[in-house]
Amino acid sequence: TLLLINNDYGVGLQKAFTENLKNTNIKIDKVIMFEPNTKNFKPYLSKIDKQTKALYIVGYPNELQRLFKTIYEMNIKTKILGTSVFNDPILKDIKLENEILYSYPLQVENNTYREFIKSYNKKYNSTSGIASDTAYDAMMIIDEVINKENYLKYMFSIKEFEGASGIISFDKYGDVHKPMSIKSLK
């Protein structure tokens, strides 16, 4: 079962997830979409079949806090799968007995990463959030390409850019592919 936020993020991941499962024996039994800023998840969670083996969830940290609380209250025990958003610090103390697994970019602790963390902690007196390093890298790449004649072509040609989030290389479509790991939320 897929439980997804109803916006470009959720719809895009639904398409990618569904496409990647085409040549497997894994079948999606149900797709449940919830609206951004949902407060009450009971109507959505009540649609999940008892025999559902896994629940793939896509949402943002604040919604996920409410969603996980409702999963706990409704005593839903199925395995939970998710995205790197599950790594957000506000989710570290969730109260669930479920097995929770999520994908997360393999962190490369290069000099750029160490400098970014040091500067971020100094400026904000806190640890960086889930996508802060990626946002930093995006701004550094934009700064590098913005004044180029054909900036998109130039950006797509970037290979092995040492960013705070790891090594960045673009493919011909402008997508970045990074090594991933599987983490557990327990």
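Residue K79 places its NZ atom among 12 or fewer non-hydrogen atoms of other residues, nucleotides or ligands, all under 6.0 Å distant. Taking a 6.0 Å sphere around CG of D171, one finds it holds more than 12 heavy atoms contributed by other residues, nucleotides or ligands. With a 6.0 Å radius and a threshold of 12 heavy atoms from other residues, nucleotides or ligands, E73 has its CD atom above the threshold.
One side chain, N87 or Y102, offers a donor N or O that lies under 3.5 Å from an acceptor on the other. Side-chain contact annotation: Y9 with T83, donor-acceptor N/O pair under 3.5 Å present.
Side chains of K77 and N75 form a contact here, defined as non-hydrogen atoms less than 4.5 Å apart. By the 4.5 Å heavy-atom criterion applied to side chains, F68 and L185 are counted as neighbours. The closest side-chain heavy-atom distance from M33 to V11 is below 4.5 Å. Taking 4.5 Å as the limit, some side-chain heavy atom of F116 sits within range of a side-chain heavy atom of S132. Contact check for L55 versus N98: no side-chain heavy atoms found under the 4.5 Å cut-off. Looking only at side-chain heavy atoms (C-beta outward), L64 and D88 stay at 4.5 Å or farther from each other.
L13 and I182 fall within the same hydrophobic cluster, where Ile, Leu, Val, Met, Phe, Trp and Tyr residues are linked whenever their side-chain heavy atoms come under 4.5 Å apart, directly or through other members. Cluster membership for M139 and I167, using ILVMFWY side-chain heavy atoms within less than 4.5 angstrom, is not shared. The same ILVMFWY cluster, assembled from side-chain heavy atoms under 4.5 Å apart, contains both I80 and M74. Linking Ile, Leu, Val, Met, Phe, Trp and Tyr residues whenever their side-chain heavy atoms come within less than 4.5 Å leaves I158 and I142 in two separate clusters. In the hydrophobic clustering of ILVMFWY residues, with side-chain heavy atoms under 4.5 Å counting as a link, M180 and Y56 come out apart.
Salt-bridge check for K15 with E19: failed, with every basic side-chain N at 4.0 Å or more from each acidic carboxylate O.
Test T52, T1, D49 against K30 for side-chain hydrogen bond (donor to acceptor under 3.5 Å, both in side chains) and you get one pass: D49.
No donor-acceptor pair under 3.5 Å is formed between the side chain of N6 and the backbone N or O of E35. No donor-acceptor distance shorter than 3.5 angstrom exists from the side chain of D137 to the backbone of M140, with no hydrogens or angles considered. Proximity of a side-chain donor or acceptor of K183 to a complementary backbone N or O of Y104 within less than 3.5 Å is not detected. Side-chain N or O atoms of N110 include none that pairs as donor or acceptor with a backbone N or O of G166 at under 3.5 Å. Under a 3.5 Å cut-off, the side chain of R66 and the backbone N or O of T38 do form a donor-acceptor pair. E63 contributes a side-chain N or O that, together with a main-chain N or O of N37, makes up a donor-acceptor pair within less than 3.5 Å.
For Y136 and Y120, the ring centers are positioned 6.0 Å apart or more.
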(request) Carefully, step by step, assess L21 and T18 under the rule side-chain contact (heavy atoms from CB on, under 4.5 Å). (result) CA-CA 5 Å; L21 291 180; T18 304; over 6 Å; no

